[in-house]
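Written below as structure tokens is the structure these notes are about.
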Amino acid sequence: DCKKRSRNGWSLFDQGMAQRQLDRLQIESRLRQALEQQEFHLVYQPKVDLRDGRIIGAEALMRWNNDQLGQLGPDVFIEHAENTGDIVRIGHWVLEQACQQMRQWLDQGVGLLPLAVNVSYRQFAGGELVTQVRQALARHALPGHALELEFTERVLIQDVPATTLCLNALRQHGVRLSIDDFGEGYSALNYLRRLPIHGLKISPLFVSGIPHNRSDVAVCEAIFGIARSLSLELVAEGIENPAQRDYLNQLGVRHGQGFLFAAGLPADALAERLRRQAADTPPR
Ligand code: C2E
Ligand code: MG
Ligand code: MG
Ligand code: MG
């Protein structure tokens, strides 16, 4: 009878819905204990200078390993954690973990490698972000500029006065602030010029088509123009081949991330690259 059912669009649709509902419940119930069970870890994707490929920082990216569900990427589970509210606790852990890692690299003689941490709109709404950031930096004796927070345009539209207060407080601590996946979201250009932010990140969505796709090129150039006129740092994400790197370099984009340089790396592997880099070339 399976055949008959699969020809019926509605029952197929219902099955898909039911499956997704089941997945959602599975993920959400396992997420609740994931932190206590130590199922999360961070990997670090290098951020490089596009002119010479030197690593100048890294972005912390979450990974989740669950016995039942296997390895899940943040693109799958973050949204669920945001729906349940678990992201507030989990995000706090990420912040702590990233600061602890920077401290460990310093103590190991690797040096200070600034880390970027992704922050959910729910963490901004929670009201404890500034305190958490201040405490994490103090606990690990780190300067504010060691830490960069990345958030999406969604944050900027939820409660503008509260968000601006929060961003200003973070900036006063020296923390760097960037808008992630710029151009993918709501692009409140009007707010942009009034917010105390340092940088924009161009989404892989637009980088993937350059240099051949004309509309992707147009979007990258437009974002470059906005960044330049507002004096914001620009990072291009999702650089996978030399043609993309060369195009961005020639456009004047200074910094980038992508599989061409490295995917997210375990902390030790990144430290090893930094040691090699320091041995190869004297620091600028
Ligand atoms: P994002 O912050 O924009 O991170 C960049 C994503 O692009 C990462 O996926 C990264 O692995 C991927 N990527 C890097 N280089 C390339 C490339 O050359 N080509 C392509 N196609 N993709 C590339 P990932 O690790 O799966 O993370 C996905 C998203 O999950 C992140 O997007 C971020 O929004 C969210 N996320 C990750 N970690 C955290 C976290 O700790 N907290 C929060 N709130 N969100 C997180
Ligand atoms: Mg990011
Ligand atoms: Mg991004
Ligand atoms: Mg993203």
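Order of listing sets the numbers, starting from 1, for every ligand and every atom in it.
- Ligand-side atoms of ligand 1 in range of Glu240: 17 (C), 18 (O), 19 (N), 20 (C), 21 (N), range being under 4.0 angstrom from any heavy atom.
- Annotation: Arg214, atom CZ; neighbour count of heavy atoms from other residues, nucleotides and ligands within 6.0 Å does not exceed 12.
- The N, O or S atom of Glu59 lying closest to the Mg ion (ligand 2) is OE2.
- In the vicinity of Val94, heavy-atom distances shorter than 4.0 Å reach the ligand 1 atoms 41 (O).
- For Glu150, the N/O/S atom at the shortest distance from the Mg ion (ligand 2) is named OE1.
- A donor-acceptor pair under 3.5 Å links the side-chain atoms of Asp216 to the main chain of Gly209, judged by distance alone.
- When each atom of ligand 1 is checked for a heavy atom of Asp180 under 4.0 Å away, the hits are 1 (P), 2 (O), 3 (O).
- For a distance bound of 2.8 Å, the N, O or S atoms of Asp181 include none lying that close to the Mg ion (ligand 2).
- Of all non-hydrogen atoms in Met102 and Ala146, the two that sit nearest each other are SD-O, 3.5 Å.
- Taking 2.8 Å as the threshold, Glu237 counts as a candidate ligand of the Mg ion (ligand 3), since one of its N, O or S atoms lies below it.
- Atoms of ligand 1 found under 4.0 Å from any heavy atom of Asp181 (numbered from 1 in listed order, with element): 3 (O).
- Those atoms of ligand 1 with a heavy atom of Ser120 less than 4.0 angstrom away are 44 (N).
- When the N, O or S atoms of Asp180 are ranked by distance to the Mg ion (ligand 2), OD2 comes first.
- Between Glu233 and Arg176 there is a salt bridge, since at least one side-chain N of the basic residue sits less than 4.0 Å from a carboxylate O of the acidic one.
- Any N or O atom pair closer than 3.5 Å counts here, and Ala60 shares no such pair with ligand 1.
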